[in-house]
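A short write-up of the structure that comes next.
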Amino acid sequence: MRSVPALSPPARVKLWGTRGSIPVPGREASRYGGNTTCIELRADGELIVLDAGSGIRPLGVALKQEFQERPINLSLLITHAHWDHIQGFPFFKPAYDPKNEIRILGFDGAGATFREIMTEPMRSPFFPISMRELSSKMEVTKLTEMKFSLGKVDVHAAFVNHPGVCAGYRLFTSTGSVAFLPDHEPYEFFLHAAAGQPLTPEHAREIARNEHARLVQFLRGSEILVLDSQYTDKEYQSHIGWGHGSVSSGVSLALEAEVQKLLLFHHDPSHDDNMVDTMVEFARELATNSGKPLQVAGAKEGGEILVEAKKVAAA
Ligand SMILES: [Zn+2]
Ligand SMILES: [Zn+2]
C-alpha cells in the first residue's frame with residue numbers, strides 16, 4: 001500500500017486594511033473597512049505582512065494579544081512609498097518591543113532610498129519618535145533582486161504601472177501562491193499617454209502589449225490575486241494616468257492569467273459599502289459570462305482566506 005504524504009496546513013491570508021488612498025472611518029465603510037492597505041500571510045512557519053497602511057495598527061494589537069510574552073518574528077514587505085502603504089508603521093506596537101524581530105524589505109523609490117522611505121516619515125517634525133528609537137530588533141533591507149525567499153516562502157517581485165516605483169509581489173507557499181498588486185493601472189494607459197508624447201502610437205501599443213504580457217506571465221495560475229480595482233469603468237475614464245485600475249480591467253487580467261480567486265482591493269475612499277457591493281456584482285457577472293471558473297470577492301477588512309493544498313488523487 002502506498003503511503004499518502006500529509007498535506008501541508010493551508011496558508012492563511014488575513015485582510016487588515018483594504019482601502020486605498022486614505023483611511024475612511026465610519027458606518028458607510030463598516031463592511032469593507034476603512035483602514036488602508038495591509039494584509040497578513042501565515043504560511044510554512046512564516047509570518048509575512050504586506051504593506052503598512054493604517055491596517056497594520058490593529059494587526060499589531062492582535063499580534064500582541066496572540067503572542068503575549070513570546071517574541072514575534074516577522075517580515076514586512078512594502079510595495080511602495082505612498083502614504084496609504086506606510087502610514088500605519090509608527091503605530092505598529094510590535095516595533096516597540098525589544099524581544100521582537102522585524103525585517104522590513106522593499107525597493108528604492110523615485111528619488112528616495114528604501115531606508116529613507118521608511119525613516120523620513122518618522123522624523124521630526126512629522127512624528128515625535130524616530131525609527132532609530134524603536135526598540136525592536138529591526139532590519140531595513142533594500143531589495144535588489146526580483147526573486148528571493150522569506151524562510152520557505154519564495155517571493156517573486158515585478159514592477160507595476162503606478163506613479164514612482166511600485167512593486168507587486170507573488171508569494172509561493174507550499175499550498176499555493178498569493179499575488180499582491182494593491183496599486184496598478186492597466187498598461188492600456190500607454191495608449192492614452194502616447195497622445196502629445198514623443199512616443200508614436202505604434203511604439204505605445206508595443207510597450208503596452210509587452211508589459212501586459214509580462215504581467216500576465218508573472219501572475220499566471222495564482223491561487224489568489226489581490227488587485228487594485230479602485231474605479232468603476234466609468235470613473236476610470238476620468239482618472240486615466242492616476243495609477244489605478246477598474247473593475248473590468250481587473251477581471252480581464254485575472255481571467256487571462258487563469259487566477260483562481262480575485263479579490264477586488266484598494267477601495268476608493270468615496271465608495272461606500274453599497275457601491276463596492278455593486279462593483280463586486282458587476283465583476284462576478286463578467287467572470288460568469290467568461291465561462292471560466294474565476295471566483296471574485298471584494299476584499300473585506302477582517303476577512304480571512306485559506307489556501308488549501310490540492311488533493312492529488314493517488315495513481
Ligand atoms: Zn495606494
Ligand atoms: Zn500608490
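Numbers here simply count residues along the sequence, with the first being 1. Every number for a ligand or one of its atoms is a count from 1 in the order of the listing. Atoms considered below: every heavy atom in the structure, side chains included; atoms not considered: hydrogens, waters and symmetry mates. No experiment lies behind these values; they were computed from the predicted model shown.
- Proximity of the aromatic rings of Tyr96 and Phe91 is defined here by a centroid distance below 6.0 angstrom, and this criterion is not met.
- Cation-pi check for Lys142 over Phe114 is not met; the charged atom does not lie both under 6.0 angstrom from the ring centroid and within 45 degrees of its normal.
- No hydrogens or angles considered: a donor-acceptor pair under 3.5 Å links the side chains of Arg170 and Ser177.
- Between Phe89 and Phe92, the ring planes lie tilted relative to each other; the angle falls in the 30° to 60° range.
- Cation-pi contact between Arg70 and Phe67: present, with separation from the ring centre below 6.0 Å and deviation from the ring axis of at most 45°.
- Side-chain rings of Tyr169 and His156 stay apart, their centers remaining 6.0 Å or farther from each other.
- For the Zn ion (ligand 1), the nearby protein N/O/S atoms, meaning those under 2.8 Å, are Asp84 OD2, His85 NE2, Asp183 OD2, His266 NE2.
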